[in-house]
Amino acid sequence: MKAIAPKTIRLYNSLSGQKEIFTPVHEGRVGLYVCGPTVYSDAHLGNCRTFVNFDIIYRFFEYCGYKVRYVRNITDVGHLVGDVDDAGADDKIGKKARAEQVEPMEIVQRYTNGFHDVMRQLNTLSPSIEPRATGHILEQIEMIETILKNGWAYIKNGSVYFDTLKYAKADKGYGQLSGRILEDLLVETRDLKNQDEKQHPSDFALWMKAAPQHLMHWNSPWSVGFPGWHLECSAMSTKYLGKTFDIHGGGNDLKFPHHENEIAQNVGACGCQPAKYWLHANMLLLYGKKMSKSDGYYVAPNELFAGTCELKDENGGKMLTKAYSPMTVRFFILQAHYRSTMDLTDSGLQAAEKGWKYLTETYKLLKNMVAPKGAKPLLDKQLDELANAAFEDMSDDFNCPKAMSRLFELGSKINALKGGQLSMKEVSEDCLRRMEQVFHDFMFKIFGLRDESADAASTHATMNGLMQLVIEMRQQARTTKDWTTSDKIRATLQQVGIDLRDGKEGTTWVKN
RNA sequence: GGUUGCGUAGCCAAGUGGUUGGGCAGUGGUCUGCAAAACCUCCUACAGCGGUUCGAAUCCGCUCGCAACCUCCA
């Protein structure tokens, strides 16, 4: 059962620079391609933000009843270190493999596992298909042949390059996505740098002839070599989603050159734009600056979860002072819109931790609330409107922060009903049950949060039995006004992370 | 230097031509044996300077500041 079924979804298309109404290529279906990670090292939190954002988009389409094929690739070849498209340049994975004296595929396997582990902790759903570049060499070779046949590429010393100048001059729209224009390309012509193989600096490799020391290489009609980075996404999206599919997503930093070149390859091979809508997730900043692996300026998810991040600010203080659970991090990510930059800070995470706790506690209250017989539903309309607004917010370019704010407004009503500041006689049982559904669906299905306290359900049952005993003994002390004993029990429990709350209907406990 | 985006109260962060977004922190209350939690209250801002408009934080221009991309990046 769904709480409500939104009808239209509007999304911001990077290609047009406008919000558009989503109309699927195939009725009731969504083809979604998202550029995945390059598995040459551990993913950092910035990578995670993008994938969490698209996880929510994936979840929301499914929630609205669409059948989604979500393809997210694993890049395991083709990403170069150093001078790009220079025949001597090294593959990121190959470089790491040589440094550690292992097979490149061992590197790939290790970091793919690590990536999956982090994604699982952050409670993201697996994509429908997670194709690897090395598993699609044939498809990539075929695509290069088509591009060559169509005249958009040239061969030089066993490598194949895409002819961006010819393509741009043919008015195919090169630069449309990233805002780069033909004139800029022409200006650059004067500065040919030292890339003698390429006819123009903006040309990019479709196939690279491998240098002798290069570990990852395959046979091709042109040379023993390897595919260019941009090509895998074109080949795999076409294979699994068709020549034209609905949505292509990725991080903002991939807009140029990666996505621009991807479009050029698709148009060059198939004659049509690959995706109707392009969605770009913005960057996660760390105290105002983009995380960067090469500068060592980044947060590893596992360090954040364990509280072992050692990054220092300019005063030598720890940037992140404590551990934050995966769901706190996910909640934090939800509080910014996917198209905005977001600043990761210690205080921001602490705020998220409290907000997340409030929502889970509120949901638990709601589950156990029952409207009295004969209640007059004076509040129903207000609550319904808030819930409906939350779905509208999500339908408008996946506005999680706005939808979240509605849940908090609902939360204060629910807590007020529970606390007696609002009368339970003013809300109907139907409304309470609908609110329960709305909370459930938003928190767990759409936002993809997970009740972490339920993670250890069996432990919880044991704990609860013990706690009932402790609470009962403390209650005896309180009845005889033995405040020394009752306060000692409460203080000691607090030291081990358990809060007692004395309410009208007895004492409850909460584990921090 | 070029391109794009941003600049919102102590912090994070939505919105956007006319009515309080939200969270965290802080204030004062209610409740409580005291707390905690919860609820209510207060703090009520849109970088600066011009322009358009009956009216702009929201549109336009300029200035300043920040970020991202232009090289591998989610």
Side-chain angles (χ1 to χ4, degrees), chain A residues 14 17 34-38 40 43-54 79-85 89 92 175 178-181 183-184 187-188 193 201-202 229 249-258 260 280-285 288-294 298 331-332 335-337 339-359 361-362 365 389 393 396 399-409 411-422 478 481-483 486-487 490-491 494 499-504 507-508 510:
Chain A
S14 300
V34 174
C35 289
T38 303
Y40 71 105
H44 65 232
L45 210 64
N47 306 116
C48 295
R49 181 196 179 191
T50 297
F51 301 128
V52 166
N53 282 152
F54 282 104
H79 243 172
L80 301 176
V81 178
D83 287 338
V84 185
D85 299 339
K92 282 186 174 178
S178 56
R180 252 143 275 254
I181 45 175
E183 280 71 32
D184 291 346
V187 168
E188 279 182 65
K193 299 172 189 164
S202 66
W229 168 43
N252 214 4
D253 50 355
L254 296 181
K255 224 188 240 178
F256 189 88
H258 183 56
E260 198 71 71
H280 288 97
N282 216 322
M283 298 294 103
L284 179 71
L285 310 178
K289 273 193 189 158
K290 185 186 171 185
M291 291 191 194
S292 159
K293 206 153 251 177
S294 46
Y298 66 95
F331 183 91
F332 176 78
Q335 283 186 302
H337 189 261
R339 280 195 288 120
S340 300
T341 52
M342 152 151 243
D343 201 10
L344 184 86
T345 61
D346 204 40
S347 61
L349 284 164
Q350 283 177 22
E353 188 172 55
K354 293 193 178 172
W356 166 227
K357 191 177 171 190
Y358 174 88
L359 273 195
E361 292 300 320
T362 300
L365 285 181
D393 295 334
D396 186 11
N399 197 328
C400 288
K402 209 172 172 189
M404 185 74 84
S405 77
R406 313 287 188 184
L407 287 197
F408 275 95
E409 287 190 65
S412 75
K413 300 290 176 208
I414 289 155
N415 275 295
L417 284 165
K418 184 70 184 175
Q421 293 88 355
L422 287 173
R478 293 180 75 213
K481 303 207 179 199
D482 179 4
W483 307 127
S486 73
D487 287 355
R490 187 172 62 194
Q494 197 167 27
D499 287 346
L500 291 184
R501 295 175 183 174
D502 298 327
K504 283 203 178 82
T507 302
T508 54
V510 178

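Each chain gets a letter, A, B and so on, in the order the sequences are listed, and its residues count up from 1. It should be emphasised that the depicted structure is a prediction, and the values quoted were computed from it without experimental measurement.
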Next on the checklist: Between B:C60 and B:G7, how far apart are the two P atoms, rounded to whole Å?
Outcome noted: 14 Å
Checklist entry - What distance, rounded to whole Å, do you find between the two C1' atoms, one in B:U8 and one in B:A14? => result 10 Å
Next on the checklist: Give me the distance, rounded to whole Å, that separates B:C70 from B:U53 when you measure between the C1' atoms they each carry.
Outcome noted: 39 Å
Next on the checklist: I'd like to know if the side chain of A:Glu260 reaches the main chain of A:Ser178, judged simply by a donor and an acceptor atom lying under 3.5 Å from each other, with no hydrogens or angles considered.
Outcome noted: yes
Checklist entry - If each of A:Leu45 and A:Pro257 is mapped to the nucleotide of RNA chain B with the nearest heavy atom, which maps nearer the 5' terminus, i.e. the 5' end? => result A:Pro257
Item to check | Check: A:Asp343 side chain, A:Gly288 main-chain N or O, donor-acceptor pair, under 3.5 Å | outcome: yes
Checklist outcome for this item: Taking B:G23, B:C39, B:A74 as options, the one with an atom nearest any side-chain atom of A:Leu254 is B:A74
Checklist entry - Rounded to the nearest 0.5 Å, how far apart are NE2 of A:His280 and CG of A:Leu254? => result 7.0 Å
Item to check | Polar pair under 3.5 Å, donor/acceptor by atom type, side chain A:Asn252, base B:C69 | outcome: no
Checklist entry - Counting side-chain heavy atoms from CB outward, which of B:A37, B:G15, B:G22 is closest to A:Arg501? => result B:A37
Checklist entry - Paired with B:G17: which nucleotide, if any, by Watson-Crick or G-U wobble criteria at under 3.5 Å for both distances? => result none
Checklist entry - Which one, B:A74, B:G33, B:A14, comes nearest to the side chain of A:Ser486? => result B:G33
Item to check | Contact under 4.0 Å: A:Asn282 side-chain N or O vs B:A74 OP1/OP2 | outcome: no
Next on the checklist: Quick test of your reading of the model: are A:Asp396 and A:Lys402 salt-bridged, counting only N-O distances below 4.0 Å?
Outcome noted: no
Item to check | B:G10 phosphate, OP1 or OP2, under 4.0 Å from A:Ser347 side-chain N/O | outcome: no
Item to check | Nearest-angstrom distance, C1' atom, B:G61 to B:C24 | outcome: 38 Å
Checklist entry - Looking only at N and O atoms, is any donor in the side chain of A:Arg490 or the base of B:A35 less than 3.5 Å from an acceptor on the other one? => result yes
Next on the checklist: Taking only the C1' atom of each, what is the distance from B:A25 to B:C34 in whole angstrom?
Outcome noted: 24 Å
Checklist entry - Looking at B:A67, B:G22, B:C70, which one has an atom nearest to any side-chain atom of A:Leu285? => result B:A67
Checklist entry - With rounding to whole Å, what would you report as the distance between B:G5 and B:A74 at their P atoms? => result 23 Å
Next on the checklist: Taking only the P atom of each, what is the distance from B:G18 to B:C59 in whole angstrom?
Outcome noted: 11 Å
Checklist outcome for this item: Pairing partner of B:G65, by Watson-Crick or G-U wobble and under 3.5 Å for both distances, is B:C6
Checklist entry - Under the 3.5 Å rule, do the base of B:G33 and the side chain of A:Asp487 count as making a donor-acceptor pair? => result yes
Next on the checklist: Quick check: on RNA chain B, is the nucleotide nearest A:Lys289 upstream (toward 5') of the one nearest A:Arg478, or the reverse? Name the residue that is more 5'.
Outcome noted: A:Arg478
Next on the checklist: Please determine whether a side-chain nitrogen or oxygen atom of A:Asn415 lies at a distance below 4.0 Å from atom OP1 or OP2 of B:A38.
Outcome noted: no
Item to check | Backbone of A:Tyr358 reached by a side-chain donor or acceptor of A:Thr362 within 3.5 Å | outcome: yes
Checklist outcome for this item: Winner on side-chain proximity to A:Asn47, out of B:A74, B:G15, B:C31, is B:A74
Item to check | Electrostatic pair A:Asp499-A:Arg490, nearest N-O below 4.0 angstrom | outcome: no
Checklist entry - Given the rule in the side chain to side chain contact (heavy atoms under 4.5 Å, CB included) test, do A:Arg478 and A:Asp482 qualify, once you have shown the distances and angles that lead to the verdict? => result CA-CA 6 Å; A:Arg478 293 180 75 213; A:Asp482 179 4; over 6 Å; no
Next on the checklist: Return the pairing partner of B:C59 with a 3.5 Å limit on both distances, Watson-Crick or G-U wobble; otherwise return none.
Outcome noted: B:G51
Item to check | Distance between C1' atoms of B:U32 and B:G65 (Å, rounded) | outcome: 50 Å
Checklist entry - Does the side chain of A:Tyr358 get closer than 4.0 angstrom to OP1 or OP2 of B:C39 through an N or O atom? => result yes
Item to check | Any strand: nucleotide that pairs with B:U27 via Watson-Crick or wobble, under 3.5 Å | outcome: none
Checklist outcome for this item: Answer for the Watson-Crick or wobble partner of B:C43, both distances under 3.5 Å, is none
Checklist entry - Of all the choices, B:A13, B:A74, B:C12, which nucleotide is nearest to the side chain of A:Thr345 once you look at every atom? => result B:C12
